[in-house]
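Below, chains carry the letters A, B, ... as their sequence lines are ordered, and counting in each starts from 1.
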Amino acid sequence: MTEYKPQQLDKKWQQRWTADRAFEVEPDPSRPKFYCLEMFAYPSGHAHVGHVRNYIIGDIMARTKRMRGFNVLHPFGWDAFGLPAENAAIKSGTHPERSTLDNIAHMKGQLQRLGISYAWDREIATCLPEYYKFNQWIFLKMFERGLAYRKRSTVNWCASCNTVLANEQVVDGACWRCGTVVTTRDLEQWFFRITAYADELLNDLDGLTEWPEKVAVMQRNWIGRSVGARITFPVAGSRQSVEIFTTRIDTIFGATFVLLAPDHPIVGTFAALSPDPEAFRAQVAAFRALGREARLTGAIEKEGFDTGRKAVNPFTHEEVPIWIANFVLAEYGTGAIMAVPAHDQRDFEFARKYNLPIRIVVRAGDDEATVDEMQEATTNYGRLVASGPYTGQQAPGVLTAMTADAEAARIGKREVQYRLKDWGISRQRYWGTPIPIIYCEKHGAVAVPYGHLPVELPMVATFTGRGDSPLAQVSDFVNTVCPTCGGPARRETDTMDTFVDSSWYYLRFCDPANAALPFDPERAAYWMPVDFYSGGVEHAILHLLYSRFFTRVLRDVGLVGFGEPFKRLLTQGMVLKNGAVMSKSRGNVVDPDDMLARYGADALRLYVMFVAPPEKEVEWSDAGLDGSFRFLVRVWRLVDYWSGALRGERLPVVAAEYSDVERALRRKTHDTIRRVTTDIEERMHLNTAVSSLMELVNEMYAFGEVTPLGLPSRGDASDGRGVRPATIAVAREAIEGLVLMLSPFAPHTAEELWQMLGHQTGLTKAAWPIFDPDVARAEEVVVPVQINGKVRARLTVPAGLSDDELRERTLAEAAVKHHIEGKTIRKVVVAKGPLVSVVVS
RNA sequence: GCGGAAGUGGCGGAACGGCAGACGCGCUAGCCUCAGGAGCUAGUUGGAGCAAUCCAGUGGGGGUUCAAAUCCCCCCUUCCGCACCA
């Protein structure tokens with residue numbers, strides 16, 4: 001009996017795979033490709049079992065697809081730029097490059113010890129010039145096309161991280177990374193024009209049928225398209241006007257006042273011309289602060305004040321007051337709205353609070369409430385009343401008509417608004433990709449010529465974390481010459497948001513060593529799109545939306561021929577410990593290396609896959625890991641014990657030679673092949689794939705009880721002499737199938753067992769077992785019989801009986817007779833399954 | 001408030017209109033024993049019964065169907081996302 005020593009097997013087979021370069025691949029048009037990718041890692045230092053779960057999920061898919069005949073690309077890399085390394089440098093004095101590369105080395109070791117089948121020859125790290133050179137290259141392509149541009153704007157600012165944040169990086173008014181309350185600043189910033197692709201990014205979500213609906217919905221909401229009209233309200237006694245955006249032009253006859261955001265540009269003019277500009281400005285400032293407060297706390301107390309000015313409603317020609325309100329957003333629409341208190345709840349509350357007029361202009365159903373009786377705004381569409389020439393008309397027709405009339409009268413136009421804003425990518429930090437722009441007094445912002453890329457990040461020795469961009473302090477870096485005129489010029493000193501790095505890395509894996517282009521279009525055409533992509537749902541908006549945007553840009557640049565990078569997406573659940581997400585600060589991390597030392601890689605891999613479906617959150621349990629280890633020991637003993645008999649000559653066997661018990665095991669084997677294959681490839685129910693394998697093992701132990709092959713607990717292993725060839729053949733089919741199907745989950749153990757069974761070539765070259773429906777077909781079936789909906793009997797009958805025969809046998813069955821005695825049979829249904837349902841009364 | 005997902009034994013979870021609780025953990029009893037955190041056998045939704053068996057049962061209430069954990073309607077709870085978006 002050979003002892004199961006998983007730690008030794010881990011080492012042995014990991015070395016073998018590396019020596020054989022078993023997972024390195026090249027394009028091969030003769031085979032179908034499969035690109036399997038897990039979101040690459042931020043090199044924080046240590047991967048815990050929560051991170052590792054995702055890599056194991058991907059590895060099950062990659063290993064299975066390889067055995068199923070696909071040419072599988074399964075690469076890994078590092079999202080290596082970012083703030084934590086820089087912050088650590090400020091504290092410890094270690095240069096971010098040093099700590100990042102150290103962390104990568106450690107984490108790579110962790111993944112290798114888990115036996116994840118990565119093509120390590122394609123490893124990338126975004127902080128290396130050979131990678132970020134192409135961040136710059138893509139930036140320049142976008143600059144040429146007007147997709148990268150610079151503008152002064154009010155931006156989100158995190159005082160703790162000392163940098164700008166994208167809208168997507170502000171969570172509940174606070175920094176997504178450190179939780180500091182976000183403030184605003186006016187800065188010159190670089191933006192990517194993602195809004196140019198807003199419609200496409202929105203519409204194409206419908207085609208992503210293999211994405212979780214949740215993610216598509218989140219992106220849809222984030223893009224936030226709404227169709228309406230922009231209408232000009234002239235300011236009375238002035239040549240100025242206020243433009244408003246509305247989706248409810250049908251209610252415009254009920255617009256009894258206009259509301260401005262405190263940040264609206266015209267507010268400054270109003271203040272200057274007011275009787276007491278100082279007081280006016282003070283009040284505006286108070287509302288700006290209030291609006292921010294309200295958004296942070298969710299406290300929704302609507303406040304406003306009258307500017308004293310009036311606007312002319314262009315449909316009614318009526319003068320209505322202009323107020324400033326804390327709940328109107330400067331960044332959405334035009335920063336100004338027409339208020340229709342009768343038909344908008346917010347306007348209603350505001351009007352009631354400040355005693356502003358309310359006018360009903362839409363009637364839905366038979367509601368005839370007067371203004372005084374109204375408890376809340378009526379927001380449904382309906383028939384227009386008191387609306388001049390439009391009275392009596394209905395939505396949606398009237399919306400189109402009124403918008404068209406506004407356009408004809410040159411007082412407005414149809415407009416589509418998005419919640420999505422352009423992506424601000426400038427960061428006032430060091431550890432990132434330098435933006436390849438040079439500022440010249442004569443020529444303004446000039447692109448660094450492609451031949452000068454990469455603009456290398458200079459080695460800065462000291463970090464303070466204070467002041468502006470650290471690169472501004474490096475005079476060798478800053479001072480340069482203008483590429484256009486050769487005159488003195490200064491480099492851009494901001495770096496790019498690290499989400500730029502991750503927006504195209506999956507394309508780089510197709511051709512990671514290319515020095516001329518981000519990737520070779522032909523290689524990308526072979527490997528892309530990613531067939532299976534898995535990672536955390538926290539990237540549902542940021543990374544996944546940016547990646548879809550980048551792929552479209554690269555399509556328009558001519559590098560790829562498609563827009564969607566990820567065909568199938570899986571958002572894996574987190575691993576909790578003591579009910580909380582694992583984190584260093586909570587002190588509840590489980591280090592995979594501790595588990596490897598106790599159980600080996602395979603028990604850990606198996607447990608993490610068995611405990612729950614991949615999308616679900618799971619609670620870590622040491623006891624569950626024990627169970628998986630026991631299962632592997634059980635498999636080991638069985639295979640080891642039978643291997644002597646199974647290693648021998650493969651004698652031909654004809655179907656008629658199989659006994660009932662042998663046929664039953666063959667059925668189980670093939671049924672298991674079918675279930676495990678669809679569970680992995682189609683349903684991604686890795687937990688039930690494992691339980692099917694467990695069932696097969698239980699069945700084989702039962703088989704051992706009744707055949708001369710015996711069981712490990714029953715003395716010496718049989719060498720197969722004197723055992724019928726049919727028995728050996730059946731056992732071999734079951735055992736080999738088991739080992740093959742176990743191999744994605746427990747690759748080290750499976751390789752060793754495969755070798756024990758006498759195979760010279762390893763499992764990385766083996767083929768997945770083939771399901772044979774003829775073998776799986778049962779010759780006898782158990783048919784449940786329902787009487788008035790309850791199962792009352794089971795019939796064991798030959799498979800393939802006709803419905804009439806089944807009906808006959810059912811009614812003849814003693815247990816059935818007992819239940820229908822003295823009653824009238826109303827109906828007998830024979831359903832597929834088969835199953836018989838009898839209705840009596 | 002809007003949107004999404006979910007609610008099944010002591011626990012993790014099975015069951016894509018057809019036998020509810022597969023598989024595993026835990027627990028109980030027994031066997032074996034070089035006493036190990038090992039292995040084997042049986043049991044384990046609740047209730048009634050010596051038993052065969054019967055009754056109830058998938059958050060609650062209705063409905064569709066020969067048949068519902070599964071489909072439809074209403075309600076409750078939990079988690080997640082968005083949140084004054086005009």
Side-chain angles (χ1 to χ4, degrees), chain A residues 171-172 212-222 224-226 228 244-248 251 259 261 291 294-295 298-302 325-329 331-340 343-347 349-350 417-420 537-538 540-541 571 598 606-607 610-613 615-619 621-631 633-634 637 675 683 685 687-698 701 711-714 782-794 815 818 826-840:
Chain A
V171 179
D172 294 334
E213 182 57 22
K214 175 172 61 169
V215 174
V217 166
M218 282 165 73
Q219 292 210 354
R220 221 168 264 134
N221 292 342
W222 188 261
R225 181 179 197 264
S226 59
I244 62 96
F245 174 73
T246 181
T247 55
R248 290 298 303 271
T251 64
L259 294 175
R295 252 173 281 171
I300 307 168
E301 184 51 38
K302 291 177 178 46
N326 63 340
F327 68 92
V328 178
L329 305 172
E331 61 272 21
Y332 186 77
T334 60
I337 61 172
M338 64 173 198
V340 185
H343 305 298
D344 182 284
Q345 185 58 24
R346 295 155 300 182
D347 300 346
E349 286 167 28
F350 196 84
Q417 280 287 339
Y418 300 93
R419 219 187 71 118
L420 180 72
V537 72
E538 67 272 18
I541 296 173
T571 53
R598 281 163 68 185
L606 196 70
Y607 163 66
F610 176 60
V611 67
E615 317 79 37
K616 269 198 91 143
E617 227 167 48
V618 297
E619 173 70 27
S621 140
D622 284 356
L625 194 48
D626 274 325
S628 296
F629 184 76
R630 278 205 290 272
F631 171 69
V633 171
R634 204 165 137 81
R637 276 205 305 260
R675 284 162 62 192
R683 307 200 318 157
H685 284 200
N687 55 328
T688 53
V690 175
S691 56
S692 295
L693 293 175
M694 288 173 167
E695 281 185 53
L696 180 60
V697 170
N698 291 344
Y701 267 84
L711 283 171
S713 52
R714 305 272 168 80
V782 176
V783 181
V785 178
Q786 296 181 338
I787 295 165
N788 286 351
K790 287 203 161 57
V791 176
R792 296 297 188 187
R794 280 161 224 284
H818 169 75
R826 298 284 171 201
K827 200 171 191 178
V828 180
V829 180
V830 178
K832 63 174 187 306
L835 171 145
V836 182
S837 185
V838 183
V839 188
V840 296

> Is A:D344 reaching over with its side chain to a backbone N or O of A:A339, donor-acceptor style, under 3.5 angstrom?
Replying inline: no

> Side chains of A:N698 and A:R634: do they bring a donor and an acceptor to under 3.5 Å?
Replying inline: yes

> Which is true for A:E695 with a 4.0 Å heavy-atom rule: it touches a base, it touches only sugar-phosphate, or it touches nothing?
Replying inline: sugar-phosphate

> P atom, B:G13 versus B:G4: distance in rounded Å?
Replying inline: 24 Å

>> Suppose you measure atom C1' in B:A14 against the same atom in B:U65; what distance do you get, rounded to whole Å?
In response: 25 Å

> Base, sugar-phosphate alone, or nothing: which one does A:P212 contact when heavy atoms must sit under 4.0 Å apart?
Replying inline: nothing

> In terms of side-chain heavy atoms of A:R637, which of B:C40, B:C66, B:A22 is nearest?
Replying inline: B:C40

> Using purine N1 to pyrimidine N3 plus N6-O4 or O6-N4 for Watson-Crick, or N1-O2 and O6-N3 for G-U wobble, both under 3.5 Å, which nucleotide pairs with B:A14?
Replying inline: none

>> What is the separation between atom NZ on A:K616 and atom C1' on B:U78, rounded to the nearest whole Å?
In response: 12 Å

> At under 4.0 Å between heavy atoms, what does A:N687 touch on the DNA or RNA strands: base, sugar-phosphate, or nothing?
Replying inline: sugar-phosphate

> Relative to the 5' end of RNA chain B, which residue comes earlier, A:V633 or A:K827, by the nucleotide with the nearest heavy atom?
Replying inline: A:V633

>> Could you tell me how far B:C82 sits from B:U64 if I compare only their C1' atoms? Round to whole Å.
In response: 35 Å

> If we take the C1' atom in both B:G60 and B:C66, what is their distance in whole Å?
Replying inline: 26 Å

> Which is true for A:G627 with a 4.0 Å heavy-atom rule: it touches a base, it touches only sugar-phosphate, or it touches nothing?
Replying inline: sugar-phosphate

> In terms of side-chain heavy atoms of A:V839, which of B:C66, B:G12, B:C84 is nearest?
Replying inline: B:C66

>> Does this structure show an ion pair linking A:R675 with A:E695, if we count only N-O contacts that are shorter than 4.0 Å?
In response: yes

>> So, does A:R792 get its side chain near the phosphate of B:C55, meaning an N or O under 4.0 Å from OP1 or OP2?
In response: yes

> OP1 or OP2 of B:C25 sitting under 4.0 Å from any side-chain N/O of A:R630?
Replying inline: yes

> For atom P, what is the distance between B:G21 and B:G43, given to the nearest Å?
Replying inline: 14 Å

> Any cation-pi pair here, A:K302 with A:F327, using under 6.0 Å and within 45°?
Replying inline: yes

>> Checking base pairs now: Watson-Crick or wobble, both atom distances under 3.5 Å. What partners B:G26?
In response: B:U44

> Which nucleotide in the set B:A14, B:C25, B:A22 lies at the smallest distance from any side-chain heavy atom of A:A623?
Replying inline: B:C25

> Counting side-chain heavy atoms from C-beta on, which of B:A86, B:G18, B:C84 comes nearest to A:T246?
Replying inline: B:A86

>> Nearest to the A:V829 side chain among B:A86, B:C84, B:C66, which nucleotide is it?
In response: B:C66

>> Let's see if you can work this out: which of B:C84, B:G18, B:A20 has an atom nearest to the side-chain heavy atoms of A:Q786?
In response: B:G18

>> Applying the Watson-Crick and G-U wobble criteria at under 3.5 Å, what pairs with B:A69? Answer none if nothing qualifies.
In response: none

> Which listed nucleotide (B:C23, B:G4, B:A86) is nearest to the side chain of A:K214?
Replying inline: B:G4

>> Can you measure A:F631 atom CZ to B:C23 atom C1' for me and round it to whole angstrom units?
In response: 10 Å

>> When you measure from the side chain of A:Y607 to the backbone of A:S621, do you find a donor-acceptor pair of N or O atoms at a distance under 3.5 Å?
In response: yes

> Picking from B:A83, B:G37, B:G13, which would you name as closest to the side chain of A:R419?
Replying inline: B:A83

> Would you say A:L259 and A:D347 make side-chain contact, with heavy atoms under 4.5 Å?
Replying inline: yes

>> Taking the P atom in each of B:G1 and B:C75, what is the distance between them to the nearest angstrom?
In response: 12 Å

>> Output the rounded distance in Å from CE (A:M218) to C1' (B:A83).
In response: 13 Å

>> Quick one, A:R792 with A:V838, criterion side chain to side chain contact (heavy atoms under 4.5 Å, CB included). Give me CA distance, side-chain angles, the key distance, then yes/no.
In response: CA-CA 10 Å; A:R792 296 297 188 187; A:V838 183; over 6 Å; no

>> Test side chain to side chain contact (heavy atoms under 4.5 Å, CB included) on A:T251 and A:M338; report intermediate values, then the result.
In response: CA-CA 10 Å; A:T251 64; A:M338 64 173 198; 3.7 Å; yes

> When you compare B:G62 with B:U28, how far apart are their P atoms, in angstrom units rounded to a whole number?
Replying inline: 40 Å

>> Counting only side-chain heavy atoms from C-beta out, which of B:C66, B:C40, B:C84 sits nearest to A:R634?
In response: B:C40

> Paired with B:A35 by Watson-Crick or G-U wobble geometry, both distances under 3.5 Å: which nucleotide is it?
Replying inline: none

> For A:E331 and B:C84, what is the distance between atoms CD and C1' respectively, to the nearest whole Å?
Replying inline: 11 Å

>> It should be established whether A:S837 places a side-chain nitrogen or oxygen under 4.0 Å from OP1 or OP2 of nucleotide B:G18.
In response: no

>> Distance check needed: B:G13 C1' versus A:Y607 OH, whole Å only.
In response: 12 Å

> Phosphate oxygens OP1/OP2 of B:G81: is one of them under 4.0 Å from a side-chain N or O of A:N221?
Replying inline: no

> A:R683 CZ to B:A22 P: how many Å, rounded?
Replying inline: 17 Å

> Between atom CG in A:N788 and atom P in B:C55, what is the gap in whole Å?
Replying inline: 11 Å

> Between B:G13, B:A56, B:C84, which one does the side chain of A:K790 approach most closely?
Replying inline: B:A56

> Taking the same atom, P, in B:U8 and in B:U58, what whole-Å distance lies between them?
Replying inline: 11 Å

> When you match A:L835 and A:M338 each to their closest nucleotide on RNA chain B, which lands nearer the 5' end?
Replying inline: A:L835

> Who is the Watson-Crick or G-U wobble partner of B:C2, with both distances under 3.5 Å?
Replying inline: B:G81

> Syn or anti: how is B:G9 classified when any glycosidic angle within 90° of 0 counts as syn?
Replying inline: syn

> Atom CD of A:Q417 and atom P of B:C84: how far apart are they, to the nearest Å?
Replying inline: 16 Å

